[in-house]
Each structure stands twice: as C-alpha cells, then as structure tokens.
Amino acid sequence: MELNQFHRPGNLKIFLLLLALNMVAACSFAQVTITGKVTGKGGNQTDGISGISVMLKGTRIGESTDNSGAYKLSSPLKPGNYIIVFSGVGYQTAEIPLSIGIASNYTVDINLTEKVASMDEVIVTGTSAGTTRRQLGSYVSTVKADDLTKGATGNVLAALQGKTAGAQISQNSGDPAGGISVRLRGISSIGSSSEPLYIIDGVIVNNGTNRVTNTQSGYDGVNVVGAVGQSRLVDLNPADIESVEVLNGAAAAAIYGSRANAGVVQIFTKMGKAGAAKITFSTSLITSSLRKKLDVNQSPTKFGGPTDGVGALTQDVIQAPLATTTTAVTRYDYQDYIFRNALGTDNNVAISGGTDKTKYYVSGSYFNNQGIIKNTDFNRYSFRANIDQVLNKWATFNIGLNYINSSANEKPDGNSFYSPMNSVTIIGNFHNIQQRDILGNIKAVGERGRANPVSVIEDIKQKQTTNRVISNIGLKLKPVKHLSIDYTMGIDNYTQNGTTYIPPFAYNVSTAFWGGGATLDPTQNGYSSVGNNNFFAINHDVNATYNIDISSKINSVTQVGFSQQYEKNNYSLLQGRGLAPFVQTVNGASTILPGVDERSEISISGFFVQQNFKYRNQFFVTGAIRQDGSSVFGKNQRNQVYTKASGSYVISGADFWRNLGVSKWWDLAKVRVAYGESGNLTGIGAYSRFNTYASSSFISRTSLNSSGTLANEDVKPERQKELEFGVDLSFLKSRLGLTLNVYNKKVSDLLIDRFIAPSSGFSSLKDNFGSLENKGFEVVVTGKPAATKNLQWDVTAIFNHNRNKAINIGQALNLLSTNAGAPVAIIQGQPIGVFYGTFFATDANGNQIKNTSGIPQIEKGTQNSTLVYTPARDANGLPTATATTLRRIIGNPNPDYTASFVNELIYKKLGLRIQIDAVQGVDVFNADFRTRQGVGNGKVAEQEQRGLIPRGYITGIYAIEEWRIADGSYVKLREISLSYNLGKIKSISNLSINLSGRNLISWDNYNGYDPEVNAGGQSTLLRGIDFGAVPIPRTFSIGINAQF
Amino acid sequence: MKKIIQSTIYGSLAVLVLLGSGCKKDYQNPNAATAAQVLNSAKGLMGTAIGIQRTYSLNVAPGIADANGFVTNEIILRNSGNTSEFQLSIGGTAVDGTNALLGNIWISANKCIYDANNVINGASLLADKGYASGLIGYSSIIKALSIGSLSMFWEKIPDTVGTAATGFVDRVQGFNRAIATIDKALAAISANAISTGFTADLPAGIEIVNTLNALKARYSLYAGNYAGALATANLVDLSKKSTFNFDAAIANPIYATATSTNNLYQPIDSTLGLPAILAPDLADKRIPFYTTINATINPRYRLNGFWIAATTPIPVYFPGEIILIKAECYARQASPDLTNAVIELNKVVTKEAANDVLGIGADLAAVAPATKDEVLLEVYRNRCIELFLSGLKLEDMRRFERPLTERKRNLFPYPFRERDGNLNTPADPAF
C-alpha cells in the first residue's frame, strides 16, 4: 500500500523520503514485465485459456489470464532465476524457469495440457489453501461448469446425476422443483438425514425439506411419510457454478467438521478475472412432457351397477360380495387431462472482470419451468455478486452475495388421495369427470367421496415462495513467510412461505380429503393453511496453514482450524377447515385446526490440527485430529474427538520408475489409503434428547401427552469410521485413465428410534444401537480414443457398487407403517429399508401355486424367525388355510450397482455429449399398481372384467404384498447435448447454440411410469416407493450462449 | 491505511475468538414442557389427564369399536385396501401380529395406563386434596377403561405397565385391577370431595362418580362378581350421562374415518349383525337410532347415532347397559331372581327415547322370557342392540357362550410390536 501513501496530503516530507528510498531500491529491484499467452490443447480452447493462475514461485506476485489467455506480470524484481507456475482447474500445473537479467520485458508462452486423470488439478479442501489431486489420500471427484449446464435442468443436483463416482443421485418427483436425494456411498444413518453436507464458497448451506405446504395432518397420521417436497438446493442457479467437488468419504471429516458423515458436496461459484469486462448471456427454451403414458383399462363393461348416481358401485373388481353382473361403461384416459406439454425458459446474464486489485463477478438469472401436471410451475430469480479485493501485499478480502426468490405453484403431494396422480389412480376410469350439474359444479366421482381430478387440477391451489440470501465474507492473510491464515464467515438465511387452499367441494368428498362428507358439512368442507419457515445459519471458519520446506526433499504443511456454527429455525403453521366461499386464507375457516409453532436453536463448534508431510512430490502422509461439540447432545456426550490419517504414494514419480520399460506407456501409478472418522452432530433434533410432554388444544382445554418415544438423555452422536483404498493409473500419455476405490464405511452407535414393547409405556426408545455398514467399490475409466486437431473424443465410464447392512441392531425386526403401505423394515444383517412382507406361495419349481379357480395363493406355514419359515400345505397341495401368514424380504430398494457412461465428441465446432445412467438390481414398491387394479383402471382389472382371468383373482391376491414389488432397474438416456460453436460474430466474441435432452429414453421393465421415483421424498429409510409421485418428465431444451 | 487494515483484521480476529469462546450449547426447549415440570404441578397433571382422555377417545375407543365390530359381524368393510380392517373382516388366522389397528389399541391403552399412573402418583403428592381427588377420579376412569379394553381383547394383559419386560396376568385379573383402580379413586373422592376448582378445569362431558360406578359395575359383571355388579349398578344415577366430547377441529373419530368417508365400514344391515333368530324386531326404534338408510348411494345402511356428525359425543357407558347389568345379575346370581331380571330387562325393551338420557329407546312391547336361559338370551340380544358398535359385544359373545361360528375371532393375537420387544409375551390363542 505504499503507493497510496503518496497521495496523502501533508506528508511531503515522507513522500520525498520514500521517493529517495525508492530510487535507492531501484538500484537492486528493476521493474520487470513478464507477458505471455496461455493456450490449451483440445476442443474450443485452441485459443487462449482464461483464468489460469500465473505465479512467480516463492513470491506473492501473481496474476491470472484474461479471456484471450494473455497475462501480464509487472513487479520490481531482482535479477536471478525464477520459476513461473501456471496452474488452473483441469490442467496440469506447469513450472517454467525464467532467468531475469537486465532486460525489463520477458515473454513466456505456454501450452497447458488438460490431463484426463488430472493429478495436479487443484482440489480445494476446506476453506484453506488447497492441495493437488496428486497428494490426496482419499477420492474427490470434480465436476466443471460446462458439464452442469448442458443437461437441460435448472437444478444443480439433477445436473450432477451420473457425473461423480460413488454417488447415487435420484430425483424423487417429477415436479418442476421436485426433491432430489444424494447418497454418497450408501446411507450413513437410519434416524437422520443421509444427505451430504453442502458448502457453497465456504457457506454451509441448508438443503432441508420443510413442509410449508402439504401441511394437512390427516394424510400421514401415525404413518411414516418421509421427507416430501422441495429440497432447498433448488434455490441455486447452476449457471453461477464454476465447479463442484464431491467428497464421498469420512476422510474429509477433519477439514469439514463432523457434520460430514454422509460426505461433502463443495460448490464453488464463478469469480471475476482481471481484464476487460466480459459479458456472458445465455437463454434457453425448455419443453417437458410425460415420457411414458400408462395403458388404462379398456374393458367395455364393469361389474355390478352404475358408476355414478343411484346405486353406484365403484371398486367393482374387489368390493365384497363380488358382483358378477356387468354394466356397459365408457372408458376414459384421465392422463390426457392431468398432464400437459410444459414450457420453460432459463435466462442468465453475467458480467465479470476486474483489475489487479479488484475482481468481480455479477450475475442475474430468471428460471421458469412449468410442470407436466397442469397448473404447476417453478420460478426462480437469482442475483449474485462475487467481489475479490486485494487489500495489501499480505491480505485479500472477498465477499459473495446471492439473493434468490423462488416460488412454485404446486398440487398436493402424491401421498394424499387428492393429489393429481392419486386422484386419478384411486378411481375407476369410467366417470365422466368433466360432467357438471345445472349450476356448473363439478360432480362426484362414484359413491366413495373421492376427489374429482378436475377439482384437484382446477380448484386446489398450493403455492410456496422462498426468499433467500446466501452470503460469504472471506479474508486471506499471509502475515509472515510460510504462514497463511484465512477466515470465512457464511450466512444462509431464508424465509419459506407456503399456502394451501382447498375450496369447499360442491359434491360428496370424504372429510379425510378435506371435503364435507355426504352432507357437505360446512364445518369440515374445504381447507386452508399458511406455513412459514424461517431459517438462519451462520458459520465462522478460521484456518491457519504453515507451509515450509524442511529440506529440499521434504515439505511440511501444518494446519490448525476452528469452526463455529449456529442455526435457528422457526416454523409456524395456521390452518383451518370448513371454509367460507371465496375467502382463500385461514380467516375463512369456520373450524380452526390446531396450529404449529416450533422453534429450535443449534450450535456446533470444533477445532482441528492437521499435519501433512510431502516427500519429493511422491510420497504424502497426512494425519489429523478434530474435536467437535454440538448442543443437540447432552453435556456428557457433547465433545467428541475424531481422527484421520491418509497416505499416498506416486510410484510413477520415483526414480526407478523412469528407468523401467513401462514408463514409456504408463504415465501414472498412484496408490493411496485413507482412514477417517466423523459423526453426525446434527443427527437428532435440537431438543430430541429431552423427554417432554407435547401440548395441544383438545375440546377447549390444553392436553399434555408424553411422547411415544422415550429418549436416552445421554444419547451420543453416531460415529462413522471409513477405510478407503485407491489406485489411480494413467496410460498412453493420459489417453487412458483408471481410478479404483474400495471402501468399508461403518457407522457405529447408530441412533435409532428402536421399537420397544408398548407395555413399557412407550413405543420406541431413542438410543445408540448397533451399527451400519457400507462396503463397496467405485471404478472410473476415462479414455480419449481420438485426439486430433479436428476430432476430440472423450469417454468416461463410472461403476459403483455398494452393499449396505444393519449389524447388531439388537432386534430382529423393525417394521415401519408407511403411508403408501410399503412394509419398510430394518432387519438384522440386511440392507436398510428392505421391503418385508407377505408373498406368493410357490411350488418346488418356483411356480405360483393356484387354487382350483386359478387364483394364486398367499404363502402360509410356520414363521420360525424373521427370515426363516416353513411353508405348510394341505391335502390339496395348497397353503394350509389355518396356518400363519408368512413374511420374508420381498424387495430391496438398494441397487446392486449404479453406472454411467459418457461420450463427448468435439468435431471442429460441433460438440456432442451423451450420458447414459444405469441403476440395476433394485426394487420399487409400486403401491399405485395394486390400487389401479383394485379400483379398476388397470390392465389386470381389464383382464378380470373381460373374463381372461378368473373372477376374484385380484381380490385373491390383494393382500399379497409381493404383488406390489416391481423391478426398478433402469438404463436411461439421461442427457444428450449437441452444441455448435459459431465463434466470433461481429461484436459477439463467442456464440454457441446448444440443443439438449434429458431423461429421453428409459430401458426398464417397470410396471409404472418411471422407476426413478420415491414417494418418501428425501427420506433416509423410505426409498423406492411409488405412490402418487409425479413421473420425471422428458425434457428438451434449445438455447444460445453469447459472450461479449 | 495500512494501520486501518491491520487493526480491522486483528480486531475482527479478536472478535471471532470472543465469539468462539462464548459459544453457547445449552438451549432450553421452548416448545414443550419436561416430564418433571408436568408431573409436579396440579395444572400439568390436569393437562396430562386430559391428554389421556384424548388418547383414549381418539385411539382406543374407536379402535375397539372398529375391531370388535368386524369380528362380531356388526359392520361390513367398504374397501379391502384397508389392510387391518380387511384382516379383521376375514378373521381367524388372517388376523396376525402385524395388524396395525390392534397394534394401535395396544400401544394407546398401555400409554393411557402409563400416564394415568403418573397422574395418580403425582396427584397423591399435591397439597390441594380436593383437586387431587378429582385428578385421581378422572384419570382412574381412563385407566380402568384401558385395562378393561385390553382385558376384553387379549387373553393375558401386561402385569406392570411402565417396565421394560413386564410379565403378563390373566384377563380376568385385568378386570379385577380395573375394579381396584376404581375403588381407590372412589375412596380418594369420599375422603376429599372433588373441588369446584377441579370441576372448572375438567373438560365438558365427563361425570366422574357416576362413571366410576358404572365402569365398576361393568367390570364386576365381566369378572363374574354379580353381587358386586348389582350393588354398584344400583348406585349409578341413570338420569346422568358421561360422554367423550369432540368438536369440529378434533372430530368424532368414527365420524371422521367411517361415516364421512364411506370408505371404511358401515353397519351390516337392520339385523345389526345378530343371527336371524335374535335379529331386532323391525319396529325396534334402536335400528333407526343407530342406522340410517341411503336409498341412492351404496351401501344402503349407514352409520347414525353417536357417529353422525363431527361434534357428536360418544357415551362412556349407557344407562341401558346399567339396567341390563342389573337384569343379568339378577338372572345369574347364585339364587336367580328372574322376576326382577325380567322387570329390569323390560325397562330397556319398553324404554322410550325421550326417557333415556342418551336418547336410545327400543319402544317395544314388554317381553316375557320364562327360563333363566331365555332371560339371558333376551339380555344378550338387547345388549347387542342397545350397545351397538360400542366395542363390548365380543366380551358378551364369550360370556353368553354364543357359538364360535357367530364370531370371526375369540381373542386377538398379541401385536408384534409387543412380542418383538418383550420375551414374556404369551403365545397367541389359536382363535
């Protein structure tokens, strides 16, 4: 900051003195200017590469390249030998020696190589200085901006699908803001979320699912529904993202804190580069449609009497006594009514640039996407400003601000029978739903008080809006040689507001669906609610790094860090039923239903020490110890210590390797091992360890009820221990690469609400029980079959296998009652969340045993234990009628493996990217399939009505839970993207056109819409359940991207 | 400038250190009161007692009406997709430990007993004895009903609710424990009359002393103590009633799940589930009291009576039940008094709705059964009609030794939730 002092008034003396000193200094420090251009091989980057860091090694002098790849370093330098270090994400770091003599201008151009296995790619661990992939003992995958924005989705998590090893990312709902769950190396908990920790530019961001809509208590009651609705990362604009790093394992814990038991997803947003202002503009048009339509019942008749009005009989297929008479009916396909071809747009504009001292990136975005269900959509406005300021020689400061406003017009969640999907699933397809009475009112569908789909689509209004600010402030200091200190403060603050309006129905709708029953009871008919969730989180992280070369061969990096986090959440709900006409707010309710007011605070703090030694850039060891405390746990268990160790050896870097014959074609051989421990410091609710009495209003009094769960007040966090081995290999000048990871992740002191005998006064006990194990491997193969001037062809294949099981949970079986009727179980020695239920009786050859009418039978006999049974047969070879109904594991929602295969071709200015994702060996509990047959809109019902299968067939097998298990394996054409780069056109420095498709084809044997579904939302336990969830649409997008 | 930057940097680091050292980890839960707070205050205990009524009237009572209704043929299933009810509608081995409805009754009844014990223990330590006796009386009603409900459905019931792996005792002992609970409550009330302060806090509908006597009479009858049942039944003031009340926000649970949905169950028909020979006289005005006819939409017979609207109260006991207890006791006592038995029986048979505090009235001509068996059969028949869908019929079918073919289950299997967590759980009965 000496320069600034020249401008200080009244300091002439000092000015003159400094001038004199400067002149003296000039004798030894000559002003030197180094310029040059950084270029890269391949693709669109035959020109310059922007954003490459150019540093003079051992000094603080550095700069980054501009749009054209040019850089300019100006500094007073002593004559001597220097090394210029060129580094950037995705490129191999290059060190170029430069001898400075008496000349004042030097030119150093370089062509950087983009390595397939980018060993020297910078990985930003923690908020600290970063390291290179070469050093890492554990696996970290990186996804770059380009790969995130071509996939025709506005959700960053959807864009990550299939792009990182070890991650199973599934979209749980096809709603335009549908929730997405991310599981890194299987699930990491039973009682709490298995979502990874998300960090954006050092801010711990919330990806919670808050029910500000779908607030009705009626539809879940005693059942487990899961975590349904939007997951809050939907607020993030993918166009702002520079790169995403995914850390699968616990080895990352020392840096990321012990909330990282389910892994870490680090997101880095774009930063400005020194140089002229660069404007990037992109816009695209999105169309979505239903990928697969289900065939519906086309039988010309139904059993029994009429469909509506006097003597109506619906559920004719299963209603006892089984009617055998028939009535002619007209069949409809309600899918044509509830679905539509949806449109959307995604618009982004960003300006970035800066000077040596100040760099900025500012962006604005508007995203709008309709849902394929009529009258649903999602809108997002986002603004971001990232500013970097050099304060002085040893201090830089940065600030990032992101404001988001997102809103969605929704329809009730699929777990209710007044949702668009289930309102159609739950009725026979023989009602003319558009029929109206003389007053213009929609009419009832059948006699059972079901909601007419027309009411759901036209009348029910459900909306949620989120206002969110994510901001970060950082300070980087290099006060003395070898030492750097950085501080980051992050704030994530949002307000989420949801409103629901179910107008009073003009016809008989069950009070369970918020109608007024047959009498249109005015105290019950209709529902209105407003839910608010206020979330505030602040985190402070300070890290100090001391980096020193102990000798010419040994380098030491010591890090100490402290982190503090605080979270506050206030949720409130107002609701009422029995609505006045026209009034949409709760004010119109004649019956005010019990509200909700939930407030919580959490604080977490921890510190760590990490030591790393590096020997000749070949051999690396790291050890760390961390202590954390969280307010959600009791005093005795509050502070937990976690350790970590890792090592890696780059064999190909050793001297002997160079002398081996293989080194000609074998570029890299690295082995690594990592061990890490972590906990889940937010694994239970803020006050879950307390045994409390919940209060609620009851017939004009306050009732207090003890919880169904008895908590051990001394409960402790789960502890995860993970051991990972890995190999990184690359051949033929990096044209072929292989990465292999093998891991064993064990979570002990598992926090479970374990079922206990109700005679104890409680239904479950919250305590630490047993453990959970995830064993698996990940393989990443990268190849470059073609690399010529005109044609670049890159191939990436990822294969993940994970086997998950519960160990020593101290109880043979924990069977949950779920809303969808899925028998989700935790069974000793078995994967978590398997479906455990009744099944078909089969003979020795595995064929279904049928009675004389030809109806399959439920298996009966003796249940010896949870998993062992002995079937019993009567004289006719049928299951013995009086024996116990047997149960076994009938399905598993944990896949055998997931894989993805990506081909990227660049031919001159034309680019093509094709991504195929596969999930195999997985089961889905398709509750809707059975319902369709039971109510008579499905194809099996059609067969029974047409007499192709015996009458009573569906009733006969209705109770067999195995009937609802379907093969959920799929191979999907996940993404296809075709781009054409027009290059420079007049004032546009670069223009490209992009055509993308998403979820275009699915190869599967699934008996519903799409096996990639979960009615349980982002739930850890409830997975693979198809119950009224909106299928994931097929999406096309066409867009342009221009740079000025 | 340099100094400013420097001092800002160091200043903020210092603030940070202070922030860190001041990081608070003990937060009070503002959302709920702890057990200690609740169980050591009169108002807390009152809230808990009301909570027990809530649990019982929303879970146990409608649960036993539902399960009992299916296995005794009172109601028909409207949708086979309701798995628990589907099992019960078939009966026999189809009903197993997975049955969620039975599980819910078991869990909720045990919860009521557990919390009622907490209230009774906490109340005995209160200085305000008049308030305490009210609390003991009120929570003893639900405790007795909960023990009684378990004893009506299961062969053996938990011995000591509130312990980790309790043993089990015979169901008859259960009825005796319900009686002992009531006796203690009556003793507490006679020692210290219930204060007006307590009565003001009590939810509308519950009449403590009459209810205690009525339930004592019911369970004495079930336990085979006819003299005791008769004596206690005579203490019940039949001009009073005691009901579980609801409002539009927390609706009558049977209305909410069955009547208004037409998707769970409806009455079988005008026989109310009785075999033809015992079916009610079509002139019996209790048929239109309990059922209504929908001529246009299936099914024809619909729920009426205590389940017709969201705010309809459900009685805890019935005056007609008390009269029929007297009739039965006269007939069953060591030296049967058939004259008085028939007199009491005919009070119910000829009762007009206007003269019944609940509005139930058969309004038929008097009957004249001659033998003890005939009297008992007529008592049974009238209990089935008078107490339709009250959850008491299964116990009656056993007591009156109705043939097993008339019911779909005699006693229920123990819920897996209990068996999985308690090795002392007895074997399931075969039927």
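Residue numbers begin at 1 in each chain, while the letters A, B, ... track the order of the sequences. If you're wondering where the values come from, they're calculated on a predicted model, not measured in any experiment.
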* Count the heavy-atom pairs under 4.5 Å between each of L202(B), I113(B), T311(B) and chain A, then report the option with the highest count. => L202(B)
* **From CA spacing to verdict: side-chain hydrogen bond (donor to acceptor under 3.5 Å, both in side chains), N110(B), S759(A)** => CA-CA 5 Å; N110(B) 276 291; S759(A) 59; 5.3 Å; no
* Could I get the full list of side-chain contact (heavy atoms from CB on, under 4.5 Å) partners for A36(B), not counting sequence neighbours? => T34(B), N40(B)
* Structure fact -> Assert top hit (heavy-atom pairs under 4.5 Å, partner chain B, pool A518(A), A686(A), S696(A), G446(A)) equals S696(A)
* Structure fact -> Honestly, the part of A35(B) sitting under 4.5 Å from a heavy atom of chain A is both
* To do: Check P758(A) against I107(B) and note the closest heavy-atom contact, atom names and distance.
  => CG-CG1, 3.5 Å
* Asked: Once you round to the nearest 0.5 Å, how far does OG1 of T98(B) lie from OH of Y836(A)?
  -> 10.5 Å
* Structure fact -> Minimal heavy-atom distance between K111(B) and S707(A), with the atoms involved, is NZ-O, 2.6 Å
* Please list, chain by chain and in numerical order, all residues satisfying side-chain contact (heavy atoms from CB on, under 4.5 Å) with R300(B), sequence neighbours excluded. => I293(B)
* **Proximity breakdown for T314(A) and chain B, heavy-atom pairs closer than 4.5 Å** => neither
* With a 4.5 angstrom heavy-atom cut-off, could you sort out which part of F416(B) is near chain A: side chain, backbone, both or neither? => side chain
* With only heavy atoms counted, which part of T931(A) is less than 4.5 Å from chain B, the side chain, the backbone, both or neither? -> neither
* Measure distances from A109(B) to the heavy atoms of chain A and classify the residue's part below 4.5 Å as side chain, backbone, both or neither. => neither
* Structure fact -> Looking only at S563(A), G311(A), G449(A), G517(A), the option with the highest number of non-hydrogen pairs under 4.5 Å against chain B is G311(A)
* Between D96(B) and chain A, which part of the residue has a heavy atom less than 4.5 Å away: side chain, backbone, both or neither? -> side chain
* To do: Pick one of side chain, backbone, both or neither for L765(A), based on which atoms fall under 4.5 Å of a heavy atom in chain B.
  => neither
* Asked: Between P823(A) and chain B, which part of the residue has a heavy atom less than 4.5 Å away: side chain, backbone, both or neither?
  -> neither
* Structure fact -> Under 4.5 Å to a heavy atom of chain A? For T48(B) that would be both
* Pick from A309(B), G44(B), A33(B): which one has the most heavy-atom pairs with chain A under 4.5 Å? -> A33(B)
* Which atoms form the tightest heavy-atom contact between T93(B) and T885(A), and what is the distance? -> O-OG1, 4.3 Å
* Asked: Can you check whether R638(A) reaches D26(B) side chain to side chain, under 4.5 Å on heavy atoms?
  -> yes
* Structure fact -> Assert top hit (heavy-atom pairs under 4.5 Å, partner chain B, pool T882(A), V310(A), L710(A)) equals V310(A)
* Asked: Step by step, would you call I50(B) with F698(A) a side-chain contact (heavy atoms from CB on, under 4.5 Å)?
  -> CA-CA 8 Å; I50(B) 296 167; F698(A) 180 63; 3.8 Å; yes
* **From CA spacing to verdict: side-chain contact (heavy atoms from CB on, under 4.5 Å), F244(B), I699(A)** => CA-CA 10 Å; F244(B) 291 129; I699(A) 47 172; over 6 Å; no
* Asked: Looking at T702(A), T519(A), T523(A), D308(A), which one has more heavy-atom pairs under 4.5 Å with chain B than the rest?
  -> T702(A)
* Asked: So, do R417(B) and S763(A) sit near enough that their side-chain heavy atoms are less than 4.5 Å apart?
  -> yes
* Which answer fits D597(A), side chain, backbone, both or neither, if we ask what part of it has an atom under 4.5 Å from a heavy atom of chain B? -> backbone
* Structure fact -> If one checks every heavy atom of V38(B) against chain A at 4.5 Å, the contacting part turns out to be side chain
* To do: Would you confirm whether N705(A), through its side chain, and G51(B), through its main-chain N or O, come within 3.5 Å as a donor-acceptor pair?
  => yes
* Measure across N298(B) and A312(A) and return the closest heavy-atom pair with its distance rounded to 0.1 Å. => ND2-O, 2.7 Å
* **Closest non-hydrogen atom pair between T261(B) and T511(A), with its separation** => CG2-OG1, 4.4 Å
* R887(A) versus chain B, heavy atoms under 4.5 Å apart: side chain, backbone, both or neither? -> side chain
* To do: Say whether Q315(A) and N79(B), considering side chains only, have a donor N or O and an acceptor N or O under 3.5 Å apart.
  => yes
* Please assess Y693(A) against L39(B) for the test side-chain contact (heavy atoms from CB on, under 4.5 Å), listing each intermediate value before the final yes or no. => CA-CA 10 Å; Y693(A) 277 68; L39(B) 301 177; 3.8 Å; yes
* To do: Show your working on side-chain contact (heavy atoms from CB on, under 4.5 Å) between R450(A) and N263(B) and close with a plain yes or no.
  => CA-CA 9 Å; R450(A) 306 295 190 196; N263(B) 191 44; 3.4 Å; yes
* Asked: Which value, rounded to the nearest 0.5 Å, describes the distance between E601(A) atom CD and N29(B) atom CG?
  -> 11.0 Å
* **Best-contacting candidate, P203(B), P158(B), G205(B), against chain A by heavy atom pairs under 4.5 angstrom** => P203(B)
* **Structural part of Y566(A) lying under 4.5 Å from a heavy atom of chain B** => side chain
* Atom group of I318(A) that falls short of 4.5 Å from chain B, counting heavy atoms -> both
* For the ring pair Y687(A) and Y27(B), is the centre-to-centre distance below 6.0 Å? -> no
* Mind ranking L150(B), T55(B), N294(B), V161(B) by heavy-atom pairs under 4.5 Å with chain A and telling me who comes out on top? => V161(B)
* Structure fact -> When every non-hydrogen atom of L77(B) is compared with those of Q319(A), the smallest separation belongs to O-NE2, 3.4 Å
* Checking R78(B) side chain against R448(A) main chain: does a donor-acceptor pair fall under 3.5 Å? -> no
* Tell me, for A881(A) versus chain B, whether the close heavy atoms (under 4.5 Å) come from the side chain, the backbone, both or neither. => backbone
* If you check every heavy atom in residues 246-259 of chain B against those of chain A, which residues fall under 4.5 Å? -> F246(B), D247(B), A248(B), A249(B), I250(B), Y255(B), A256(B)
* S84(B) portion near chain A, given a 4.5 angstrom heavy-atom threshold -> neither
* Keeping to residues at least two apart or across chains, list the salt bridge (Lys or Arg N to Asp or Glu O under 4.0 Å) pairs with something in residues 28-56 of chain B. => K43(B)-D201(B)
* Examine whether an atom of Q28(B) lies under 4.5 Å from a heavy atom of chain A, and if so say whether it belongs to the side chain, the backbone or both; otherwise answer neither. => backbone
* **Heavy-atom contact with chain A under 4.5 Å, split by part of D420(B)** => both
